[in-house]
Amino acid sequence: MGKSRNPRRASAAADAVVETVDGGLAQLIPDRDRARAWTLLIDGAPQSHVDLDDPAYLSFEYQRRLGHVIDLAAPPGKPLTAVHLGGGAFTLARYVAATRPRSTQQVVEKDAPLVQLVRRELPLAPNARIRVRSTDAREGLAKVPDGWADLIVADVFSGARTPAHLTSTEFLDEVRRALKPGGLYAANLADGPPLAHLRGQIATAAARFAELALVADPAVLRGKRFGNAVLVASDLPLPVAELTRRAASDPHPARVEHGRTLTDFTGGALPVTDAAAVASPAPPASVFR
């Protein structure tokens, strides 16, 4: 049987929208505290939060941390050329459009039915200058011209796991090709004890970029629980001091690791190649309860 594309109103929550997409069961749940805000869940896992009245508002911890990276990617208000690998509800693309008007952005989201759902229920502002491609993240990245992007953000999950082909040095070669000299790459990574995936991803980025920083909850870095970490990479020095200040002052404070301490954190992990790449680990069920 084919998957239904017809939305239905959920009986459990008035005004919620539930629809089957390629990635599973998508739910748009209204935020009771914000008039035109919604949370997107896929198979029960929270993916994005969007406030249509205030697209500069970031609710999720990891998206706030990526927001800090976006804020520090250029002087305040300066337009960026940005590529977002993984779309969700286009939260970060909306954030860039709101905080940096006249930015030009591309969103690459493989799940075409999800894109249709988000466009219909949470429409983008007409002047947002956001182009959406419904294709695989690496295939979409290959279509970005050489040296086009000031910023590339990777936030791709399939079944709550990052696909293997988006974890390798060959993938980062494509990222570097599409970035302007000195451009920023930021990736949302998810891992839990013993943090083998996270350590491997840091080693992989270190093989391709001169400067790295990692932003995460201290409990995640200590291997105490499963969670998100934001990896930032560039060939130019990163704004580590300001990123550290912003991360520490968040409602859910995070720590920034860089330099020698970040190298030590990898524990001798080796860069990941296409031949050896595997998907990131699946989160335990308790993460989404």
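- Through direct or indirect side-chain contacts shorter than 4.5 Å among Ile, Leu, Val, Met, Phe, Trp and Tyr, V240 is connected to L58, F60, Y62, L66, V69, I70, L72, L80, L92, Y95, V96, L151, V153, L184, V215, V230, V232, L238, L243, V256.
- Here the side chains of L231 and F209 are not in contact, with every heavy-atom distance at 4.5 Å or above.
- Under a 3.5 Å cut-off, the side chain of S280 and the backbone N or O of A190 do not form any donor-acceptor pair.
- Pairing each heavy atom of P218 with each of P253, the nearest pair is CD-O, 3.9 Å.
- Nearest approach of A187 to Y185, heavy atoms of both residues: CB-OH, 3.5 Å.
- Checked against D217 for a salt bridge (charged side-chain N to carboxylate O under 4.0 Å, His left out), the options R255, R222, R225 give a single hit: R225.
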>> With side-chain contact (heavy atoms from CB on, under 4.5 Å) as the criterion, how do V115 and L117 come out once you've worked through the C-alpha distance, each side chain's angles and the decisive distance to 0.1 Å?
In response: CA-CA 5 Å; V115 170; L117 169 65; over 6 Å; no
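- Partners of Q106 under the side chain to side chain donor-acceptor pair (under 3.5 Å) rule, at least two apart in sequence or in another chain, are R133.
- A donor-acceptor contact shorter than 3.5 Å is absent between the side chain of E109 and the backbone of L85.
- In terms of the ring-ring contact (aromatic ring centres under 6.0 Å, His included) criterion, residue partners of H49 (sequence neighbours excluded) are, by chain and number, Y57.
- In this structure, I130 CD1 and H84 NE2 are separated by 7.0 Å, a value rounded to the nearest 0.5 Å.
- You'll find the side chain of H197 stays beyond 4.5 Å of the side chain of V278, heavy atoms only.
- Note that R138 lies outside the cation-pi zone of F171, set by a 6.0 Å cut-off to the ring centre and a 45° limit from the axis.
- Using modelled atom types and a 3.5 Å distance limit, the side chains of R129 and T104 yield a donor-acceptor pair.
- For the pair V118/F90, a side-chain contact is recorded, criterion being any heavy-atom separation below 4.5 Å from C-beta on.
- The pair D53-R34 does not meet the salt-bridge criterion, since no charged nitrogen lies less than 4.0 angstrom from a carboxylate oxygen.
- Between the side chain of Q105 and the main chain of A93, a donor-acceptor pair closer than 3.5 Å is present.
- Closest non-hydrogen pair, A82 versus W148, comes out as O-CZ3, 3.7 Å.
- The residues R246 and D250 are annotated as not salt-bridged, no charged nitrogen and carboxylate oxygen being separated by less than 4.0 angstrom.
- Side chain of D31 to main chain of W38: no donor-acceptor pair is present (N/O by atom type, distance under 3.5 Å, no hydrogens or angles).
- Between the D22 side chain and the D111 main chain, no donor and acceptor come within less than 3.5 Å of each other.
- To the nearest 0.5 angstrom, Q47 atom CD is 8.0 Å from D155 atom CG.
- The shortest heavy-atom contact between A128 and A97 is O-CB, 4.0 Å.
- In this view, E174 and R177 satisfy the side chain to side chain donor-acceptor pair (under 3.5 Å) rule, not counting sequence neighbours.
- Each of L114, L122, V17, I29 was checked for a side-chain contact (heavy atoms from CB on, under 4.5 Å) with L40, and the lone residue meeting it is L114.
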>> Determine whether L179 and I152 satisfy the following criterion, side-chain contact (heavy atoms from CB on, under 4.5 Å), listing intermediate values before the conclusion.
In response: CA-CA 7 Å; L179 277 174; I152 296 178; 3.7 Å; yes
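- Judged by distance alone, the side chain of S48 and the main-chain N or O of G88 form no donor-acceptor pair under 3.5 Å.
- The structure places NZ of K110 at 8.0 Å from OG1 of T135, a figure rounded to the nearest 0.5 Å.
- Figure legend: R199 and F265 shown as a cation-pi pair, the cationic atom lying under 6.0 angstrom from the six-membered ring centre and within 45 degrees of its axis.
- Going from atom CZ of R161 over to atom CG of L166 covers 13.0 Å, rounded to the nearest 0.5 Å.
- Grouped by direct or indirect side-chain proximity (heavy atoms under 4.5 Å, Ile/Leu/Val/Met/Phe/Trp/Tyr only), V220 sits alone.
- Looking at T273 and E170, their side chains come closer than 4.5 Å, going by heavy atoms from C-beta outward.
- Counting only distance, with no hydrogens or angles, the side chain of T261 and the backbone of E257 share no donor-acceptor pair below 3.5 Å.
- The shortest non-hydrogen separation linking I42 to A26 is CD1-CB, 3.6 Å.
- The pair R245-E242 meets the salt-bridge criterion, with a side-chain N (NZ, NE, NH1 or NH2) lying under 4.0 Å from an Asp/Glu carboxylate O.
- Between V132 and R119, the closest side-chain pair of non-hydrogen atoms falls below 4.5 Å.
- Note that CG of L189 is 8.0 Å distant from CD1 of I202, once rounded to the nearest 0.5 Å.
- In this structure, E19 and R120 have side chains that are in contact, with non-hydrogen atoms separated by less than 4.5 Å.
- Judged purely by atom type and a 3.5 angstrom limit, T263 uses its side chain to pair as donor or acceptor with the backbone of G259.
- Taking Ile, Leu, Val, Met, Phe, Trp and Tyr as members and joining any whose side-chain heavy atoms lie under 4.5 Å apart, directly or through other members, V272 forms no hydrophobic cluster with any other residue.
- Under a 4.0 Å N-O distance rule, the pair D150/K78 does not qualify as a salt bridge.
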> Given E139 and K143, is the salt bridge (charged side-chain N to carboxylate O under 4.0 Å, His left out) satisfied, shown in steps?
Replying inline: CA-CA 7 Å; E139 292 176 6; K143 293 181 170 63; 5.5 Å; no
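- A salt bridge does not link D54 to R36: none of the charged side-chain nitrogens sits closer than 4.0 Å to a carboxylate oxygen.
- Using a 4.5 Å heavy-atom threshold, the side chains of L52 and R94 count as touching.
- No path of Ile, Leu, Val, Met, Phe, Trp and Tyr side chains, each step under 4.5 Å between heavy atoms, connects V144 with V107, placing them in separate hydrophobic clusters.
- The closest side-chain heavy-atom distance from R208 to T169 is below 4.5 Å.
- Judged purely by atom type and a 3.5 angstrom limit, D191 uses its side chain to pair as donor or acceptor with the backbone of L198.
- Here the rule is side-chain contact (heavy atoms from CB on, under 4.5 Å) with N188, and of T162, N228, V156 only N228 fits it.
- Annotation for A98 and P55: closest pair CB-CG, 3.8 Å, computed over non-hydrogen atoms.
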